[in-house]
Amino acid sequence: QVQLVESGGGLVQAGGSLRLSCASSGRTSNVYTMGWFRQAPGKEREFVAAIRWTGPNTYYADSVKGRFTITRDNAKNTVDLQMNSLKPEDAAVYYCAATRRFLSSVVVTNEAQYDYWGQGTQVMVSS
């Protein structure tokens, strides 16, 4: 099993920045791809960004491209999401997810492909 714990959420003004962190523990050697998803009230959960434990490839939703950056620290088993130029529409509960599978660019956005999920951290953006 893999445990994921998110941190770093909070309230920020539009145009501001937040940095989310996801700490993984347990059988992390089995994890190959990690991602961030978000769910706003009344909406379905949506893909935000993803990264693999090896290699340079990162993936982003169009809505956050150029504003959000996903990074990993293999030594610490953490994946961070730096969020800049935040907009009110970015407000949501942000979830960290992980999978043992190598996810291609075609399916990396599909939440059904992820095996493990954190509890989520709330991000609020005031206009």
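Heads up: numbering here begins at 1 and tracks the sequence.
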| message | Could you walk me through whether Arg67 and Tyr60 satisfy the side-chain contact (heavy atoms from CB on, under 4.5 Å) test, starting with their C-alpha distance in whole Å, then the side-chain angles of each, then the deciding distance to 0.1 Å, before giving a yes or no? | response | CA-CA 10 Å; Arg67 300 187 298 123; Tyr60 296 95; over 6 Å; no
| message | Less than 3.5 Å apart, any donor N or O on the side chain of Tyr116 or Arg27 sitting next to an acceptor on the other? | response | no
| At what distance, to the nearest 0.5 angstrom, does CG of Leu103 lie from CG of Asn57? | 12.0 Å
| Gln119 CD: over 12 foreign heavy atoms closer than 6.0 Å | no
| said: Between Thr71 and Arg19, is there a side-chain heavy-atom distance shorter than 4.5 Å? | reply: yes
| said: Rounded at 0.5 Å granularity, tell me how far SG in Cys22 sits from CG in Leu4. | reply: 4.5 Å
| Can you check whether Trp53 reaches Ser29 side chain to side chain, under 4.5 Å on heavy atoms? | no
| request: Report yes or no: do Gln82 and Asn84 form a side-chain donor-acceptor pair below 3.5 Å? | output: yes
| Has Lys65 got more than 12 heavy atoms of other residues, nucleotides or ligands less than 6.0 Å from its NZ? | yes
| query | Is the gap between the ring centers of Phe37 and Tyr114 under 6.0 Å? | reply | yes
| remark: Here the pair of heavy atoms bringing Val108 nearest to Ala50 is CG2-CB, 3.4 Å
| message | Between Tyr59 and Thr109, is there a side-chain heavy-atom distance shorter than 4.5 Å? | response | no
| field | Student check: side-chain heavy atoms of Ile51 and Val79 closer than 4.5 Å | value | yes
| request: With rounding to the nearest 0.5 Å, note down the distance linking OG in Ser104 to CD in Gln113. | output: 8.0 Å
| Can you find a pair of side-chain heavy atoms, one from Tyr95 and one from Gln39, that are under 4.5 Å apart? | yes
| said: Testing the basics here: between Gly9 and Leu20, what is the closest heavy-atom pair and its distance to 0.1 Å? | reply: N-CD2, 3.6 Å
| query | So, do Leu81 and Thr69 sit near enough that their side-chain heavy atoms are less than 4.5 Å apart? | reply | no
| task | Check Pro88 against Ser127 and note the closest heavy-atom contact, atom names and distance. | result | CG-CB, 3.9 Å
| message | Can you see whether Thr54 engages Tyr32 through a side-chain donor-acceptor pair at a distance of less than 3.5 angstrom? | response | yes
| field | Salt-bridge contact Lys87-Asp90 (side-chain N to carboxylate O under 4.0 Å) | value | no
| task | Enter the distance from Gln13:CD to Ser126:OG here, rounded to the nearest 0.5 Å. | result | 4.5 Å
| message | Please tell me whether Arg38 and Tyr94 have a donor and an acceptor in their side chains that are separated by less than 3.5 angstrom. | response | yes
| request: For Thr33 and Arg101, run side-chain contact (heavy atoms from CB on, under 4.5 Å): C-alpha distance rounded to whole Å, both residues' side-chain angles, the deciding distance at 0.1 Å, then the answer. | output: CA-CA 7 Å; Thr33 307; Arg101 286 183 284 272; 6.0 Å; no
| task | Please test Asp80 against Arg72 for salt bridge (Lys or Arg N to Asp or Glu O under 4.0 Å), starting from the C-alpha separation and ending with a verdict. | result | CA-CA 6 Å; Asp80 288 356; Arg72 67 173 189 263; over 6 Å; no
| said: Just verifying a value: how many Å separate Thr99 OG1 and Asp115 CG, rounded to the nearest 0.5 Å? | reply: 4.0 Å
| field | Trp117 reachable from Val107 in the ILVMFWY side-chain graph, under 4.5 Å edges | value | yes
| message | Within the 4.5 Å heavy-atom criterion, are Thr121 and Val93 side-chain neighbours or not? | response | no
| Going by heavy atoms in the side chains, are Trp36 and Cys96 under 4.5 Å from each other? | yes
| message | Let me confirm one number: the CD-CD distance from Gln122 to Glu6, rounded to the nearest 0.5 Å. | response | 12.0 Å
| Which pair of heavy atoms, one from Val64 and one from Val48, lies closest together, and at what distance? | CG2-O, 3.5 Å
